[in-house]
Amino acid sequence: VRDSFRDALYNSMKNNDDIIFLTADLGYGVFDKIEQDFPDRYINVGIAEQNMIGLATGLSLTGYKVVAYSIGNFASLRCLEQIRNDAAYHNCNITIVSSGAGFTYGQLGMSHHALEDAAIVKMIPGVIVCSPSTPRVAYSAMVKFLQLPGVKYLRLDKSSKELYKDYEFEIEKPNIIKNGSDICILTHGSIINNVLDAVTSNELKNISITLIDNNFLKPINVEYYKDLLKNYKYVIVVEEISEVGGLGSAIADVIATTKNLDVKLLKIGIVNKFITDVGDQGYLREKFGLDPASISKKIINFMDL
Amino acid sequence: MFQAVLGNFMESKLLARQIRIDSLNMTSNGGSSHIGSCLSIADILAVLYSKIIRFNPHNTKDEYRDIFILSKGHAGAALYSTLANLGFFDTSLLKLHYKNGSIFSGHVSHAAVPGVEFSTGSLGHGLSVGAGYALGFKKRRMDRNVYVLMSDGECNEGSNWEPIMFAAHHKLNNLIAIIDKNNLQSIKTTNETLNLGDLGKKFTEFGWNVVTVDGHNHSEIYSALLSQNNHAPKVIIATTIKGKGVSFMENNPLWHYRTAINNEYEMALDELKGAV
């Protein structure tokens, strides 16, 4: 996912001199070609995320489209007020790219667990928050975001599995991966691979499932979901982010504010606690209930089967 | 484009006097704080806008204009007054400052006020944005300057020291920071609160050109703004008096918050009207 975002950026920079890339001293080896081919438009600002967003704001106000890169919480929480007051309030064309979503950097510990970032950033008015599920989605999101005014937050992990043959990116567009009639599962980010494994597992094989790759935490297509959820008794949101404030919470809002919607919601996310366990992404996903077996089990229990 | 010609400082002194009177009227009428901060920067704003900054009140997006950022956004009343007096909008609007339904928030906002380039209010944001503008102009080979007015107390914010390093590293000699050094912050003196030490020496060590001036002396401010700025950003450390021009407000942190009412207002207005 990260390489494909990088390729999209490289190709866009090749065709447009108005794109500048900033990194807060991260991405060792990843951006070498960008630095080499566009030395004037690659700036390593140093380990200074607040300054990076302030600079991005100023650069954007001189007409540049800016991509600002760091990892995990550094690109979001560390510079949150700069994102809010400077970049977003002044409607600057800035794409903030945060690599290392969820438990990507699991073993590195609490500081590197990006579990609240997107939920917090999405509270800022006007900011688009995208959590691509596959390399193709990340590629097309990057290309599209450069053309859009305002602040975009692109939350990436390191998955390289591709689900789409071709992908036409559209803001808010839910992608139906699978159609069914019993339950509806929504997800975003690379955890979709675990969801797919769960959906095709023995435990769930007799249930008719709709699976939607939502790709966005904000905006979400409220009208679409109001309509869609009329058809289901159960909706499940699976995401590698705090269970408070993610897509699950957004769907809860839709359900709670829509008349005559008789659908029950199960949020499968990460418990909103500091996690002190050490382990890689696979280990922590399993430990906190996001492996295929846990996902299936939670769905079965939820449906009371 | 407007940029005043060389000459004596009568014009800037009259502007400074008007900024002070307006700021007092605006804060007293609106019931807002920060009159001390406004009086502190009136001379700096007056010299900048009457002699240095290139601006166009008829086209706020003029592509040759310089950029001014009031990083100490709490002194918004002084900037609103400056812009109104230079023709960006009608001075009669200033009486709406801080009122319900007005366009003038206490901390400076660009949202609806013509001529305000950038909204601030949380300290330690302006210099990074200024550095971004300055870098953008350099990359586009545009001869435009960026002026960022900060306060000495604001230098407590660590986020300032990131662009201070960055601007020197990238030789942003089109970036000019002005520090309104009135030695007072919200509650007590800067020395008592978080001692800044020798601010000039710090900036020098960080690779900046440093000029120190009397922040109420127009000729000194003017010369400092014009001084050569080779290969490095420039900081003008302007020693000022918080509350300058109103004897009972001078050097008293109370006037960071207090609104002058009744007798206080009358006395302050008399003092400000008497001065040029």
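We name chains A, B, ... by the order of the sequence lines, and we start the count at 1 in each one. Hydrogens, waters and symmetry mates are skipped; everything else that's a heavy atom, side chains included, is used.
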Within a radius of less than 6.0 Å around CZ of A/R84, do more than 12 heavy atoms belonging to other residues, nucleotides or ligands occur? no
In Å, rounded to the nearest 0.5 Å, how long is the span from OG of B/S119 to CG of A/D86? 9.5 Å
Within 6.0 angstrom of B/D143 CG, more than 12 heavy atoms from elsewhere: no
Any residues in residues 34-55 of chain A near chain B, with a heavy-atom distance under 4.5 Å, and which are they? A/D40, A/I43, A/V45, A/A48, A/E49, A/Q50, A/N51, A/G54, A/L55
If I measure from the heavy atoms of chain A, does B/H170 come under 4.5 Å with its side chain, its backbone, both, or neither? side chain
Kindly assign one of parallel, tilted or perpendicular to the pair B/F118 and A/H90, based on the angle between their ring planes and the thresholds 30° and 60°. parallel
OH (A/Y64) and CG (B/L135) are apart, to the nearest 0.5 Å, by 8.0 Å
Quick one: do the B/Y133 and A/T57 side chains pair a donor with an acceptor below 3.5 Å? no
Under a 4.5 Å heavy-atom criterion, the part of residues 94-123 of chain A in contact with chain B comprises none
Of all the residues in residues 153-166 of chain B, which have a heavy atom that comes within less than 4.5 Å of a heavy atom in chain A? B/S159, B/E162, B/P163, B/F166
Contacts of A/S131 that satisfy side-chain hydrogen bond (donor to acceptor under 3.5 Å, both in side chains) - sequence neighbours left out: A/H188
Scanning both residues in full, the closest heavy-atom pair of B/S122 with A/N85 reads CB-ND2, 3.6 Å
In this structure, which one of A/D17, A/T62, A/I20 forms a side-chain contact (heavy atoms from CB on, under 4.5 Å) with B/K139? A/I20
